Amino acid sequence: MNFTLHQTDPHSNARAGVINTDHGDIFTPIFMPVGTAGSVKALHIRDVAEDVHAQIILGNTYHLYLRPGLDILEQVGGLHKFNGWRYPILTDSGGYQVYSLTERRKLKEEGVTFQSHIDGSKHLFTPERVMDIERSIGADIMMAFDECPPYPSEYEYAKNSMHLTHRWLDRCIERFNTTEPKYGYKQALFPIVQGSTYRDLRIQSAEYIASKEAEGNAIGGVAVGEPVEMMYEMTELVCSILPKDRPRYLMGVGTPVNILESIALGVDMFDCVMPTRNGRNGMLFTSQGIINIKNEKWKNDFSPVDEKGVSFVDHQYSKAYLRHLFISKEILGPMIASNHNLAFYLWLVGEARNHIMQGDFTEWKNKMVKQLQVRL
RNA sequence: GGGGGGAUACCAGAGCGGUCAAAUGGGGCAGACUGUAAAUCUGCUGGCUUCGCCUUCGGAGGUUCGAAUCCUCCUCCCCCCA
């Protein structure tokens, strides 16, 4: 993996660059659709590539390990072969499940014991095991195994958790360095900054992560319920410490506004379930604002889903029709909304990149942020 | 012609003397969702000057301290026998 900076915004910390991987290039800033269980929910892989114009998607270590299982993934030759996505893939390590499945897991120094949400069986995830699994999945970018602490967390908890994540990181790196990719292409390992909402912890963690000189670095433990100002504050702080010549990935973020603001703070990569999950639940993000397509007001609005949209679904279908599909619980509704939202997210980060290259990013961003928050 | 059953809020359907503005579904309306246990979850769904009051359970009377619940008549619907 290689990262090259193309341009830096004169009025903010926004950057434009490119990440080269064995599965192709990723132009940053970028949004990465989430494909937890090996599919970007409700979308064909063709449309993820050709209509949404995604350049990289996610998979989840925990979910893919449980189903279909490593046996199948190794037999087929990795996730790319399995789901037909020919471009880069990033796998989350299961660190988020340490947070989201808190009722079903036990945390120890050695690792985390999960009780499967599928059949209740117990599974031990250690940093070493997670590296092995991510090797088997064959992600181009592998995330380190971390603990994502909840918000709010007591200082002592956050501090101990951060140190645990650091110790786990060392074990991840050790395993990563002593194993080889399984399918003939390179894999990169991204460590994750933690430290909850405490400035001193975030500084300490960012410095520790930076010292590892990884090919890219991530900021985790954000967007877990803390006020957005706090998230921006932590992001800005961490970005000021992480190396400028490596991509920075803000994990799990976020709304279109969150993304634009974080790009301004120096973030290059994003992922979030919001465009797909909220899309499935009838929420559309557009350049003009937010639409709840299930609302009665769209009942007889026969205008295109998004007149300024870049996806084929935006012009193929009307708002009234899309509302009808949702009200009728037709599966096509969530498909159209997910497709639209992802195309919009990718359009948004693409525009951000264009404006960074042009040098008027900040001006454009401030204008967009106002529009994006409108409730249509 | 004879016998029986039933009419409850937008719909279906509980309730069968007070704790009923009335269970539960559905429908409708609105909200939530941030490294996906999510095609999920939550709230509201008679009116009002909303910690209380008013009008509602086919219609009209009646019994009772008190009626969606009991009685009488009326209207309409369904089933069975001829």
Side-chain angles (χ1 to χ4, degrees), chain A residues 31-43 56-64 66-67 90-105 114-120 130 134 139 141-151 165 190-194 218-228 230-232 235 249-259 261-262 267 269-285 290 292-299 323 325-338 341 345 375:
Chain A
F31 178 80
M32 308 181 282
V34 177
T36 304
S39 97
V40 177
K41 292 186 195 294
L43 269 80
I56 169 172
I57 64 174
L58 261 67
N60 186 285
T61 300
Y62 169 79
H63 296 264
L64 292 168
L66 291 180
R67 276 195 310 218
L90 178 152
T91 39
D92 184 31
S93 61
Y96 187 75
Q97 280 61 47
V98 178
Y99 158 78
S100 68
L101 301 181
T102 167
E103 305 301 314
R104 310 186 67 95
R105 54 79 168 166
F114 287 105
Q115 189 163 20
S116 162
H117 67 279
I118 297 164
D119 63 5
V130 167
E134 293 190 84
I141 299 173
M142 302 168 36
M143 298 309 299
F145 191 48
D146 66 331
E147 186 201 352
C148 174
Y151 176 83
T165 288
F190 281 24
I192 303 169
V193 174
Q194 287 293 349
I219 305 167
V222 295
V224 288
E226 79 282 15
V228 279
M230 216 172 250
M231 176 172 86
Y232 294 149
T235 302
Y249 165 27
L250 186 62
M251 304 184 77
V253 174
T255 66
V257 171
N258 291 162
I259 288 173
E261 296 294 3
S262 302
V267 175
M269 304 163 73
F270 302 87
D271 80 283
C272 191
V273 303
M274 198 170 273
T276 43
R277 180 189 287 170
N278 291 29
R280 288 197 303 282
N281 294 328
M283 186 171 177
L284 269 52
F285 298 96
I290 294 165
N292 182 344
I293 201 65
K294 289 194 274 195
N295 285 179
E296 193 170 24
K297 64 203 288 191
W298 308 114
K299 186 165 58 180
R323 174 175 194 272
L325 294 175
F326 267 97
I327 296 298
S328 308
K329 297 183 167 60
E330 284 291 326
I331 197 158
L332 184 58
M335 289 169 66
I336 292 170
S338 299
N341 279 346
Y345 265 62
R375 293 249 169 188

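Numbered from 1 within each chain, the chains take letters A, B, ... in sequence-line order. All of these numbers come straight from a predicted model, not from anything done at the bench.
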Exercise for the section: Classify the nucleic acid contact of A:S116 as base, sugar-phosphate or nothing, counting any heavy atom under 4.0 Å across all strands shown. Expected result: nothing
Practice task
May I ask you to verify if any side-chain N or O of A:Q97 is less than 4.0 angstrom from the OP1 or OP2 atom of B:G35?
Solution key: no
Fill in the blank from the handout: Of the candidates B:G35, B:G28, B:A38, the side chain of A:R277 sits closest to B:A38
Practice task
Indicate yes or no for a side-chain donor-acceptor contact from A:N60 to the backbone of A:Y62 under 3.5 Å, with no hydrogens or angles considered.
Solution key: yes
Practice task
Return no unless some side-chain N or O of A:N295 is found under 4.0 Å from OP1 or OP2 of B:G31.
Solution key: yes
Practice task
Could you give the distance separating B:C76 and B:A30 at their C1' atoms, to the nearest angstrom?
Solution key: 38 Å
Practice task
Taking only the side-chain heavy atoms of A:K41 (C-beta and beyond), determine which of B:G35, B:U36, B:U34 contains the nearest atom.
Solution key: B:U36
Problem - Nucleotide B:U34, atom P - distance to CG of A:D92 in whole Å - result: 15 Å
Completion exercise
Under a 3.5 Å limit on both distances, the Watson-Crick or wobble mate of B:C44 is B:G28
Exercise for the section: Decide yes or no, distance alone: a donor-acceptor N/O pair under 3.5 angstrom between the base of B:U36 and the side-chain of A:T276. Expected result: yes
Fill in the blank from the handout: Taking B:C33, B:U34, B:G35 as options, the one with an atom nearest any side-chain atom of A:T255 is B:U34
Exercise for the section: Under 4.0 Å between any heavy atoms, over every strand shown, what does A:G225 touch: base, sugar-phosphate, or nothing? Just pick one. Expected result: nothing
Exercise for the section: Would you mind classifying the nucleic acid contact of A:R375 as base, sugar-phosphate or nothing, using non-hydrogen atoms under 4.0 angstrom? Expected result: sugar-phosphate
Problem - Phosphate OP1/OP2 of B:C29 contacted by A:R323 side-chain N/O (<4.0 Å) - result: yes
Problem - Whole-Å gap separating C1' (B:A39) and CD1 (A:I293) - result: 16 Å
Exercise for the section: Consider the side chain of A:C272, meaning its heavy atoms from C-beta on, and name the nucleotide among B:A37, B:U34, B:U36 that approaches it most closely. Expected result: B:U34
Problem - Most 5' of A:E296 and A:M274 on RNA chain B, judged by nearest nucleotide - result: A:E296
Practice task
Give a yes/no answer on whether the side chain of A:R280 brings an N or O atom under 4.0 Å of OP1 or OP2 in B:U40.
Solution key: no
Practice task
Classify the side-chain pair A:Y232/A:N258 by whether it contains a donor and acceptor separated by less than 3.5 Å.
Solution key: yes
Practice task
Remember a base hit wins even if backbone is also touched, and classify A:I192 as base, sugar-phosphate or nothing at under 4.0 Å, heavy atoms.
Solution key: base
Practice task
Just compare B:G35, B:A30, B:A37 and give me whichever is closest to any side-chain atom of A:C148.
Solution key: B:G35
Practice task
Report which part of the nucleic acid A:Q194 touches: base, sugar-phosphate, or nothing (heavy-atom distance under 4.0 Å, all strands).
Solution key: base
Handout entry: No-H, no-angle donor-acceptor pair, A:D146 side chain to B:G35 base, under 3.5 Å
Key = yes
Exercise for the section: Determine the contact category for A:N281: base if any of its heavy atoms lies under 4.0 Å from a base atom, sugar-phosphate if only primed atoms, P, OP1 or OP2 are that close, otherwise nothing. Expected result: base
Fill in the blank from the handout: Considering only heavy side-chain atoms of A:K329, the closest of B:C33, B:G27, B:G31 is B:G27
Practice task
Report yes if at least one side-chain N or O of A:S100 is closer than 4.0 Å to OP1 or OP2 of B:U36; otherwise report no.
Solution key: no
Exercise for the section: To the nearest Å, give me how far apart CD1 (A:I327) and P (B:A39) are. Expected result: 18 Å
